[in-house]
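Along the sequence shown, the residues carry numbers beginning at 1. When a ligand or atom number is given, it counts from 1 through the structure's own listing order.
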Amino acid sequence: MKKADTIWMNGKLIPWDEANVHVLTHTLHYGNGVFEGTRAYKTDKGLAIFRLRDHTKRLLNSAKITMIKSPYTLEELENAQIELLQKNSFESNVYIRPLIYLGYGIMGLYHVKAPVEVAIAAWEWGSYLGDDGLENGIRVKISSFARNSVKSTMGKAKAVANYLNSQMAKFEALESGYEEALLLDDEGFIAEGSGECFFIVRDGKIITPPNDNSLESITQATVIELAQKLGYTVEHRRITRDEVYIADEAFFTGTAAEVTPVREVDARIIGEGKRGPVTEHLQKEYFDVVYGRNKDFEHYLTYI
Ligand SMILES: Cc1ncc(COP(=O)(O)O)c(C=O)c1O
């Protein structure tokens, strides 16, 4: 990880190496914390955060769901992220990681009296699934782990605890020689990747699962909006694993993953085994949006 100069912690910019916590930090022990992953791109007009308001809203919604009272408002959190990017000098695209967590002070599962802390870090980060993956597609394995069930976890929250499952699925996929995991829901329908939403293309139609078993993804929403504007038919419906195997194209979307083609799932070649034409079209258009080259989507950019 490439260090930046400072990290925003509870209202102050702290030198990167001094942004530390106590070992009895509540979230470290019991896993109640919420976070975001947001990207800022180097546009022709300078660094711009993509969909800052939507990410910050989701952060506060996650806190509400998990019964954490944010000490900062939406505007304060947005300004903190802007200030952090202004005060650090970044030469390339940036990933922003706000985290609301429970600090040091009490132990035990009744968390309500724990102090609430906020940290926001940002660092230069390239493509999550690799530049080769963006161009040529990745190999994916359907995970033996089901996506966290809505009967026992709250998937609308981007909650720290939800990511144990994602980590195990990712680990399993990588150890098995694949690049990403695709998780089914507890009824066996496609849910999402370990940190991305999933799409297939069949007969020119773009299909993605509903969000009852996936994060309400900001990139997925952007890609759907973009696809509809470009005249594609988009279906938000359940997908079975065998439908994935016979899809013409497949791809992941996410803030980190951007638009990453999938060329193989469980040893079945998807389409031609490379980035398909619809995926390539949407990927190009997505990059135009985040780099400020599409006037219709400029309102999603916050210039630093
Ligand atoms: C489990 C999961 N699903 C989907 C996504 C994609 O969400 P977004 O597009 O808002 O980054 C993410 C990433 O945040 C994720 O962690």
Working for side-chain contact (heavy atoms from CB on, under 4.5 Å), residues Phe35 and Tyr101: CA-CA 8 Å; Phe35 67 104; Tyr101 62 101; over 6 Å; no
Within the 4.0 Å heavy-atom sphere of ligand 1, strictly under, residues: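 These residues qualify: Arg58, Lys158, Tyr163, Glu192, Ser194, Gly195, Glu196, Cys197, Leu215, Ser217, Ile218, Thr219, Gly254, Thr255.
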Thr253-Glu196 side chain donor-acceptor pair, cut-off 3.5 Å: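 There is no such pair (donor and acceptor under 3.5 Å, judged by atom type) between the side chains of Thr253 and Glu196.
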Exercise: do Glu172 and Ser143 side chains pair donor with acceptor under 3.5 Å: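 Yes.
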Quick one: side chains of residues 145-152, donor-acceptor pairs under 3.5 Å with protein atoms, not counting sequence neighbours, listed by atom name and distance.
residue : atom : partner : partner atom : Å
Arg147  : NE   : Glu192  : OE2          : 2.7
Arg147  : NE   : Asn213  : O            : 3.3
Arg147  : NH2  : Glu192  : OE2          : 3.2
Asn148  : ND2  : Asn162  : O            : 3.1
Ser149  : OG   : Lys151  : N            : 2.9
Ser149  : OG   : Asp186  : OD2          : 2.9

Side-chain ion pair, Lys45 and Glu298, N-O less than 4.0 Å: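 Salt bridge flag = yes for Glu298 with Lys45.
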N-O pairing of Lys158 and Glu36 below 4.0 Å: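 No, this pair does not count.
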